[in-house]
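Heads up: the structure comes next, in C-alpha cells.
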There are 2 protein chains.
Amino acid sequence: MQPAPIPDIIICRLPLYLRALSQMAAEGIQVASSQELGARVCLSPAQIRKDLSHFGEFGKQGTGYNVAFLEEQLRRILKVDRVWDVALVGAGDLGRAIARHGGLVARGFRITAVYDNDPAKIGDQIDELVIQDAHRMVEDIRSRGIRIAVLAVPAGEAQPAASMLVEAGIQAILCYAPTAVIVPGGVQVQYIDPLVHLQRMTHSLR
Amino acid sequence: MQPAPIPDIIICRLPLYLRALSQMAAEGIQVASSQELGARVCLSPAQIRKDLSHFGEFGKQGTGYNVAFLEEQLRRILKVDRVWDVALVGAGDLGRAIARHGGLVARGFRITAVYDNDPAKIGDQIDELVIQDAHRMVEDIRSRGIRIAVLAVPAGEAQPAASMLVEAGIQAILCYAPTAVIVPGGVQVQYIDPLVHLQRMTHSLR
DNA sequence: TAGATTGTTAATCGATTAACAATC
DNA sequence: TAGATTGTTAATCGATTAACAATC
C-alpha cells in the first residue's frame with residue numbers, strides 16, 4: 001500500500017494558505033477557523049479542511065487552527081522550513097529585480113548565483129552578488145549542488161539555457177520567458193508570463 | 001436565451017494558445033492540427049478542439065487550423081486586437097523591469113503612465129516615461145481613461161494603492177504584491193507571486 | 001452543558017477524454 | 001476516392017460542496 005499521492009491541484013493551494021497564515025501571524029492572530037482562512041484566500045471552508053486533511057489533523061473542533069502551528073506544518077509539508085539556494089540566469093532588468101527581491105529568505109529561498117552571457121555585465125555586482133559568466137554555469141551550479149533555478153532570459157535563449165540547467169543538475173525551474181521549454185521527466189518547470197494574466201482580463205472588459 | 005457563458009477556465013487557456021500560435025507563425029508554420037497545437041501547450045487535442053468550439057468553427061476537417069487566421073480570431077476574442085493603455089504603480093526594480101518589458105505592444109498592451117510616492121524618484125525617467133507623483137494618480141488615470149493597471153508596490157501599500165486605482169476607474173489590476181487586495185465586484189484582479197511558484201516545486205524535491 | 005468547528009463521507013457539480021459522424 | 005482531422009456527443013473522471021457525527 002502506497003500512501004495516496006496528493007493531487008497537484010492541492011499542492012498548488014498550500015503556498016496560498018501559508019502566505020495567508022504568515023500574514024495572520026504578523027497581525028497577531030493566533031487562531032483561525034477554516035471559515036476565516038477561506039475568506040482570506042477566497043475559497044470555501046470545506047475546501048480548506050479537505051485540503052489540509054490530506055496531510056494530517058491540524059485543527060481542534062470548536063476552535064479552529066492554531067495559526068503558528070499550521071504555518072509550521074505547511075512549511076514542513078512544502079519543504080520551506082529551510083532555505084534553498086537558487087541560481088538566477090539572466091541579469092537584465094528582470095533578473096536584477098528578482099535578485100533584489102526582499103522577501104525571498106523569509107519564504108525559503110536565497111539567490112546565491114547570477115549568470116549572464118553579456119561580457120559587459122560579467123563581473124558587475126547586484127548588491128553582494130557578482131554576475132558570473134554563463135559559460136561557467138553548468139560546472140558552477142553542479143559543484144555547488146544548487147537544485148533550483150530562475151530563468152530570466154529572452155525567449156530565444158530559454159531553451160538552451162534550460163538544457164544547460166538540466167545538465168547542471170537543476171531539478172526545478174521558474175521560467176519567466178514566454179515560451180515552453182522541454183526538459184526531461186523529473187525536472188519541474190513553472191512559468192510566469194504577465195501578458196497571459198493581462199490577456200485573461202481583457203476578454204471581459206466591457 | 002442568453003448565449004452560454006464561457007467558463008473562466010477556458011478563457012485562461014486562450015492566451016496560451018495565442019502565444020503558441022504566434023510562435024508557430026514566427027516559425028513559418030501556416031497550418032496546425034489540434035494535435036500539434038496541443039503538443040505545444042501540453043494539452044490534449046480534444047481539449048483544444050473543445051475549447052475553441054465555444055467560440056466558433058475555426059478549423060477545416062482533414063487539414064487543421066490556419067495559424068494566422070486562428071491567431072487573429074483569438075486576438076479578437078481576447079480583445080487584444082488593439083493596444084490597451086496600462087498604468088504602472090511602483091517604480092522600484094520590479095516596476096522598472098515591467099516598464100522596460102520589450103514584448104508588451106506585440107501582445108496588446110502599452111505602459112503609458114508610471115507612478116511612485118518616493119520624492120526621490122518622481123520626475124526621473126524610465127526610457128521615455130516620466131515617473132509621476134502618486135498623489136496625482138487618481139485624477140490622472142481618470143482623465144486619461146486608462147482601464148488597466150499593474151501594481152508593483154510593497155505588500156503594505158497594495159491595498160491603499162488598489163483602492164485608489166478603483167477610484168480612478170481602473171477595471172483590471174495585475175498585482176505583484178504578495179497579498180490579496182479587496183476590490184468591488186466588476187474589478188478584476190490577477191496575482192503574480194513568484195514565491196508561490198517556487199514553493200509549489202519544493203514540495204516534490206527529493 | 002451548549003456552542004462551535006473539525007475531519008470525513010456521500011452527493012453534486014463540472015471538466016476532461018474518448019469516440020465518431022461529418023467533411024475537407 | 002482514401003486519408004486526415006474537425007466539431008460534438010456521451011462517458012468518464014476528478015474536484016468541490018453539503019452535511020453531519022465527533023469532539024473540543
Euclidean distance, atom [atom1] of residue [X] to atom [atom2] of [N] [Å, nearest integer]:
X: B:Gln61; N: D:dA4; atom1: CD; atom2: C1'; result: 10 Å
X: B:Leu37; N: D:dT6; atom1: CG; atom2: C1'; result: 14 Å
X: B:Asp51; N: D:dT8; atom1: CG; atom2: P; result: 13 Å
X: B:Phe55; N: D:dT6; atom1: CZ; atom2: P; result: 17 Å

According to a strict under-4.0 Å criterion, is [X] in side-chain N/O contact with OP1 or OP2 of [N]?
X: B:Arg13; N: C:dT16; answer: yes
X: A:Ser44; N: D:dT17; answer: yes
X: A:Tyr65; N: D:dC24; answer: no
X: B:Ser34; N: D:dT6; answer: yes
X: B:Arg49; N: D:dT6; answer: yes

From [options], nucleotide with atom closest to [X] side chain:
X: B:Lys50; options: D:dT8, D:dT6, C:dT6; value: D:dT8
X: A:Glu57; options: D:dG7, D:dT6, C:dT8; value: C:dT8
X: B:Ser53; options: D:dT8, C:dT6, C:dA22; value: D:dT8
X: A:Gln47; options: D:dT16, C:dA15, D:dT6; value: D:dT16

Taking everything shown except A:Arg136 itself, do over 12 heavy atoms lie less than 6.0 Å from its CZ?
no
D:dC24 pairs with which nucleotide, Watson-Crick or G-U wobble, both distances below 3.5 Å?
C:dG3
Output, in order, the C-alpha distance, side-chain angles, deciding distance and verdict of salt bridge (Lys or Arg N to Asp or Glu O under 4.0 Å) for B:Arg100 and A:Asp93.
CA-CA 8 Å; B:Arg100 301 191 66 197; A:Asp93 287 312; 3.2 Å; yes
Heavy-atom donor-acceptor pair, A:Gln47 side chain to A:Ser44 backbone, under 3.5 Å:
no
Close side-chain approach of B:Tyr65 to B:Leu37, heavy-atom, < 4.5 Å
no
Residue pair B:Ser33/A:Ala46 against DNA chain D: nearer the 5' end by closest nucleotide is B:Ser33
